[in-house]
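Letters A, B, ... are given to chains in the order of the sequence lines, protein chains preceding strands, and every chain is numbered from 1.
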Amino acid sequence: MNGIKRALPVVLPMILFALVVKGLYGAFFEAPTEIQMGDVQRIFYFHAPAGIVAFLAFGVTGVASFLYLWRKSLIFDVVAYASAEVGLIFCTIVLVTGPLWARPVWGTWWTWEARLTTTLALWLIYASYILVRRYTDNRDQQARFAAVLGIVGALDVPIVYRSITWWRGLHPVVLKASGGGGLDPEMRSVFLFCIIVYLTLYACLMAVRIPIGCAEDEIAGLREILARRRRA
Amino acid sequence: MDLLRKACVIWLKDLRLEWRTLDSISGMFFFSLLVLVIFNFTFDFTVVDFKDLGPGVLWVTFTFAGILALSHSFVIEKEGDCMQGLLLSPVDPGAIYLGKMLSNLTLILGVEIILVPLTSVLFNYPIWGKLPALAAVLGVSTLGFAGVGTLLGAMTARTRRGEVLLPLLLFSICIPIIIAAVQTTKVVMQGRPLGDAREWFIIGAAFDAIFVTAAYLTFEYVIEE
């Protein structure tokens with residue numbers, strides 16, 4: 001078990017490197033150029049997988065938060081925090097690459113369309129989740145507050161999406177988000193491969209971030225013991 | 001039944017405390033009045049119809065005022081270690097949550113009851129015939145807002161920079177209920193039948209049910225020492 005723990009942060013990045021090279025080659029050379037949008041469509045291979053992984057990461061935070069409240073084991077809290085942090089990075093990638101694509105294709109950087117607005121709302125929820133952790137000093141309290149927020153945040157996602165879809169639904173739809181249904185088979189295979197690359201990246205970041213979280217807790221514990229000895 | 005009775009005791013305690021000083025409600029009232037005045041300068045209501053922008057103006061004002069009530073609600077419990085006393089009393093954390101939520105709800109609804117007629121006067125918009133429908137709309141939306149707000153208020157009162165964290169958390173989580181509130185209020189103010197806002201009522205009611213239950217269940221983890 002310990003061997004796997006030590007090997008994972010070394011082996012995973014190596015696998016990731018190979019996957020990234022193959023993924024980049026696929027996105028830029030293998031995938032055919034889209035007829036109407038041209039090369040700018042290639043951003044899709046970075047944007048959509050990042051979005052899928054961001055949602056997955058926030059889901060992991062929700063589940064780990066629930067497990068923490070149930071089992072009261074700090075490891076679940078460390079996992080929830082790591083996943084929220086990594087998810088926020090992917091969510092940021094989505095929010096940055098989206099407008100880059102939208103500007104030439106839709107003619108506007110941003111539109112308050114359902115999916116965009118939901119992603120932004122998610123980003124805000126998990127950014128405040130991380131802030132709450134920063135501003136709480138007591139470790140147990142930090143874990144409990146974060147777990148409650150992780151659950152509340154996860155419950156909020158479907159309602160946010162539903163409400164924003166209805167909110168936009170009352171107005172004429174000017175721009176439609178691109179659907180994944182009509183993908184060319186070659187594009188599809190590159191796209192699926194890119195999802196695997198991003199999932200590996202997520203796993204990689206988690207494999208690095210979780211031990212850091214555990215080490216932080218260990219150091220905090222040792223500091224406490226030291227402080228107690230000094231007082232005695 | 002016992003739970004409700006205990007929640008009512010806490011609710012009445014908070015109301016009595018508020019009645020003696022009127023700290024929360026007076027602050028909320030003057031603050032929201034000021035927000036309304038500023039809105040009057042930012043939008044030219046001789047050009048824009050109040051029916052279109054009014055719901056947004058009202059809800060921004062209500063949410064700002066609500067933040068004041070919610071942050072105050074648990075700060076007063078810090079004085080003289082009152083929270084410790086509440087936790088030591090033979091009361092379920094759920095009852096503390098319900099009592100606190102009811103008192104926050106009462107305060108926010110109280111300010112809304114003062115502000116709605118005042119808005120009608122200040123912005124010259126006849127509202128009297130729409131009051132029953134408006135009351136239903138305000139009730140549903142404020143319940144969800146106060147329900148989540150009480151949980152988050154208890155949480156942020158125990159962090160550093162709680163006054164910054166509360167609005168950040170509350171506004172991001174309350175996005176659905178605020179959209180629903182503005183849409184239902186708009187339907188009422190434009191004089192359309194309430195049936196037009198059916199799906200928004202569903203969103204509002206679902207939000208209320210889900211988050212009041214979730215907050216009730218998780219409250220103990222937030223106030224635990």
Less than 4.5 Å apart, any side-chain heavy atom of [X] and any of [Y]?
X	Y	answer
B:Met155	A:Val148	yes
A:Ile159	B:Phe211	yes
B:Phe207	A:Ser163	no

Contact winner vs chain B - A:Val157, A:Ile125, A:Asp140, A:Thr136, heavy-atom pairs under 4.5 Å: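 Top count of heavy-atom pairs under 4.5 Å with chain B: A:Ile125.
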
Best-contacting candidate, A:Leu120, A:Leu131, A:Thr117, A:Val132, against chain B by heavy atom pairs under 4.5 angstrom: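 The residue among A:Leu120, A:Leu131, A:Thr117, A:Val132 with the greatest pair count is A:Val132.
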
With a 4.5 angstrom heavy-atom cut-off, is it the side chain or the backbone of [X] that approaches chain A, or both, or neither?
X	value
B:Leu151	side chain
B:Ile173	both
B:Leu169	both

Heavy-atom pair with the smallest gap, counting every atom of A:Phe145 and B:Val222: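 In terms of heavy atoms, the two residues are closest at CE1-O, 3.3 Å.
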
Over all atoms of both residues, closest heavy-atom pair of B:Glu224 and A:Arg144: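 Minimum heavy-atom separation between B:Glu224 and A:Arg144: O-NH1, 3.1 Å.
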
[options]: which one forms the most heavy-atom pairs within less than 4.5 Å of chain A?
options	result
B:Val148, B:Leu165, B:Leu168	B:Leu165
B:Val182, B:Leu152, B:Ile179, B:Val164	B:Ile179
B:Ala206, B:Ser172, B:Gly162	B:Ser172

Tell me, yes or no, whether the heavy-atom count around [X] atom [atom1], taken from other residues, nucleotides or ligands under 6.0 Å, exceeds 12.
X	atom1	value
B:Trp59	CH2	yes
B:Arg198	CZ	no
A:Lys72	NZ	yes
A:Phe66	CZ	no

Under 4.5 Å from any heavy atom of chain B - which part of A:Asp156: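 When you check distances to chain B, atoms from both the backbone and side chain of A:Asp156 fall under 4.5 Å.
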
Stepwise side chain to side chain contact (heavy atoms under 4.5 Å, CB included) check, B:Ile203 with A:Arg162: CA-CA 8 Å; B:Ile203 285 264; A:Arg162 200 60 267 167; 4.0 Å; yes

Approximate separation, where rounding is to 0.5 Å, of B:Arg161 CZ and A:Tyr135 OH: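 It is 5.0 Å, given to the nearest 0.5 Å.
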
